[in-house]
Chemist: 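Once you've had a glance at the structure underneath, I'll fire off some questions.
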Amino acid sequence: MKTVRTLLHGEILRAVLFVLAGFLSLFLFFDLVDELQALDRYAAQGYRMQHALLFIALKTPNHLYELLPISVLIGSIFVMARLAQSSEFTILRTGGLAPWTALNMLFQLGLIFVSLTFFFGDYASPWAERQAQLIKTKFQGNLTVGQTGAWLKEKQGQQQFAVNVRRFDGITHMQDIRIHAFNSQGRLLSITTAATGEILSSEWQLKQVQEKTLQQEPTSGLERYQAQQHAQWMWKTTISADMVAAALLSPDTMSTWDLFHYMRHLSSNNQNAQRYEIEFWRKVFYPLSCLVMLVLALPFAYLHFRSGQIAGHVFGGVLAGISFSLLNNVFGHIGNLQNWQPLLTSAAPALIYSAISLAAFWWMVLRR
């Protein structure tokens, strides 16, 4: 069976790499078209073609992460259908290749695709996205959201803080920072503003700081206002650079660990973490969809093809892969709107297609 496993794995790997290269070339071409507009828009700031090409290259890991499952489906369907059309798979079955053995071989290959998808989604893509954003911020300005920037919340002992960051470079540098401090009853205690700031390991280094405090006199009960200027001020906080970036960037660009850490931060401060919980579980289940795609492709090896029918079945596989991607995205949006349980919302598409794949495998392979 080692020879059979080498044959199947080699054929599927070559087909998947070919499909992946085709899709990746198409997506990179679309990125290049978009960046041609950015070249004109930021030409005065020094944005040149070499910067655009580097930015496009850094988008590659994210494209690979998104395209791997559907490329696995199309490539494996093509291989299985071609082996069935040439009767090679029939010969393998006659030689003793049982259905469960074939499924086990595909699972072994699927673990490689799962590992690659996890690597690109959890390590390569977040790092590359951060570097790409750093390139863009040099020419188009720092990250910002709307007119007010990012808002974060933190609880420290008996005090609560509402933090506003207008601009962020995606790494550690911030601009236009406001920190509102409240007591446990929600009474405003102070407002601290800073022109710039750097995010360190467990504190923020703020510069050009103005601190305005309100203190209540214990005897008269009158409010006392006080304003102070600081050239530099250190603020102890657990809000990290990843948390600030999470408030400004889309959660699908974050790693699984960063999402989990940010979810816990939101929950501990009584904030809604539904969107990030759904994205977290989607990050967990998305690499496993490669296994679902391989199971969905196996029944094609047991079909009986006539000449010219293979293209139609491959096209059907493409539609199945597209429908899976659409269902995966639709469930995420609907689950966020309807407040569905995040684990089930993210796992539902994979479970549905796994059930369809196993049902097709039982009907077309085992039942016959």
Side-chain angles (χ1 to χ4, degrees), residues 35 38-39 41-48 50-52 54-59 61-62 122-154 156 161-181 190-212 228-255 257-259 261-266 269 271 276:
E35 285 306 303
L39 283 173
R41 190 179 305 118
Y42 304 115
Q45 287 81 7
Y47 192 61
R48 298 292 182 263
Q50 62 266 27
H51 303 120
L54 180 58
F55 178 80
I56 292 170
L58 289 171
K59 304 286 285 186
N62 187 54
D122 224 54
Y123 293 98
S125 179
W127 178 85
E129 287 286 339
R130 185 67 61 85
Q131 300 306 313
Q133 195 60 55
L134 185 60
I135 292 173
K136 274 296 184 71
T137 53
K138 293 179 181 178
F139 303 99
Q140 67 181 27
N142 293 326
L143 295 174
T144 184
V145 173
Q147 301 296 321
T148 61
W151 283 93
L152 302 103
K153 184 179 178 183
E154 184 179 43
Q156 297 181 8
F161 295 89
V163 184
N164 177 231
V165 179
R166 290 291 184 91
R167 295 177 181 85
F168 182 54
D169 69 350
I171 307 298
T172 60
H173 185 70
M174 302 173 292
Q175 294 179 3
D176 299 333
I177 306 150
R178 295 171 63 90
I179 303 173
H180 302 76
S190 67
I191 299 177
T192 304
T193 60
T196 61
E198 294 287 335
I199 301 177
L200 305 180
S201 58
S202 60
E203 57 187 4
W204 287 10
Q205 184 183 51
L206 305 178
K207 297 180 179 180
Q208 301 178 31
V209 181
Q210 185 179 30
E211 183 183 11
K212 302 174 183 178
Q228 292 180 316
Q229 302 283 343
H230 305 279
Q232 182 173 301
W233 188 55
M234 307 302 292
W235 181 55
K236 296 289 185 180
T237 179
T238 58
I239 300 177
S240 64
D242 292 327
M243 293 181 184
V244 178
L248 292 166
L249 298 173
S250 176
D252 57 6
T253 62
M254 300 171 63
S255 67
W257 173 249
D258 290 338
L259 279 169
H261 190 53
Y262 190 57
M263 282 164 42
R264 294 191 63 183
H265 172 78
L266 292 176
N269 288 280
Q271 293 179 276
Y276 296 94

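Quick note: numbers below take in every heavy atom, side chains included, and nothing from hydrogens, waters or symmetry partners. Everything numeric in this text was worked out from a predicted model, so none of it was measured. In this chain, numbering begins with 1 at the start of the sequence shown.
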Chemist: Rounded to the nearest 0.5 Å, how far apart are CG of L206 and CH2 of W233?
Modeler: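 One finds 6.5 Å between CG of L206 and CH2 of W233.
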
Chemist: For E129, what residues pass the salt bridge (Lys or Arg N to Asp or Glu O under 4.0 Å) criterion, not counting sequence neighbours?
Modeler: K59

Chemist: Measure the spacing between CD of Q131 and CZ of F55 and express it to the nearest 0.5 Å.
Modeler: 12.0 Å

Chemist: Could you report the tightest heavy-atom contact between T192 and E211, atom names first, then the distance?
Modeler: OG1-CG, 3.8 Å

Chemist: On a heavy-atom basis, which atom in S255 and which in D122 lie closest, and how many Å separate them?
Modeler: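 Answer, listing the atom of S255 first, then D122: CB-O, 3.3 Å.
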
Chemist: Who are the side chain to side chain contact (heavy atoms under 4.5 Å, CB included) partners of R178, not counting sequence neighbours?
Modeler: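 Only N164, H180, I191, T193 meet the side chain to side chain contact (heavy atoms under 4.5 Å, CB included) criterion with R178.
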
Chemist: How long is the span from the CZ atom in R48 to the CG atom in L54, to the nearest 0.5 Å?
Modeler: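 Between R48 CZ and L54 CG, I get 15.5 Å after rounding to 0.5 Å.
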
Chemist: Using the test side-chain hydrogen bond (donor to acceptor under 3.5 Å, both in side chains), find all partners of H261 that sit at least two apart in sequence or belong to another chain.
Modeler: none

Chemist: Kindly determine whether T238 and E154 satisfy side chain to side chain donor-acceptor pair (under 3.5 Å), including the steps that lead there.
Modeler: CA-CA 8 Å; T238 58; E154 184 179 43; 2.3 Å; yes

Chemist: Give me each pair satisfying salt bridge (charged side-chain N to carboxylate O under 4.0 Å, His left out) with a member in residues 199-210, each pair once, sequence neighbours excluded.
Modeler: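 Every salt bridge (charged side-chain N to carboxylate O under 4.0 Å, His left out) pair that includes a residue of residues 199-210, provided the two are not neighbours, is E203-K236.
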
Chemist: Minimum heavy-atom separation for W204 to I239, with atom names?
Modeler: NE1-O, 3.0 Å

Chemist: Identify the two heavy atoms, one from L58 and one from A128, that lie closest to each other, and give their separation to 0.1 Å.
Modeler: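 Nearest heavy atoms, L58 then A128: O-CB, 3.1 Å.
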
Chemist: Output all residues satisfying ring pair (Phe, Tyr, Trp, His ring centres under 6.0 Å) with F161, sequence neighbours left out; order by chain, then residue number.
Modeler: W235

Chemist: Quick one: are Q156 and T237 in side-chain contact, heavy atoms under 4.5 Å?
Modeler: yes

Chemist: Within the 4.5 Å heavy-atom criterion, are Q205 and Q232 side-chain neighbours or not?
Modeler: yes

Chemist: Name the one of L152, I199, V163 that satisfies side chain to side chain contact (heavy atoms under 4.5 Å, CB included) with M243?
Modeler: L152

Chemist: Can you name the residues that form a side-chain hydrogen bond (donor to acceptor under 3.5 Å, both in side chains) with E198, not counting sequence neighbours?
Modeler: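 Listed in chain order: T172, H173.
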
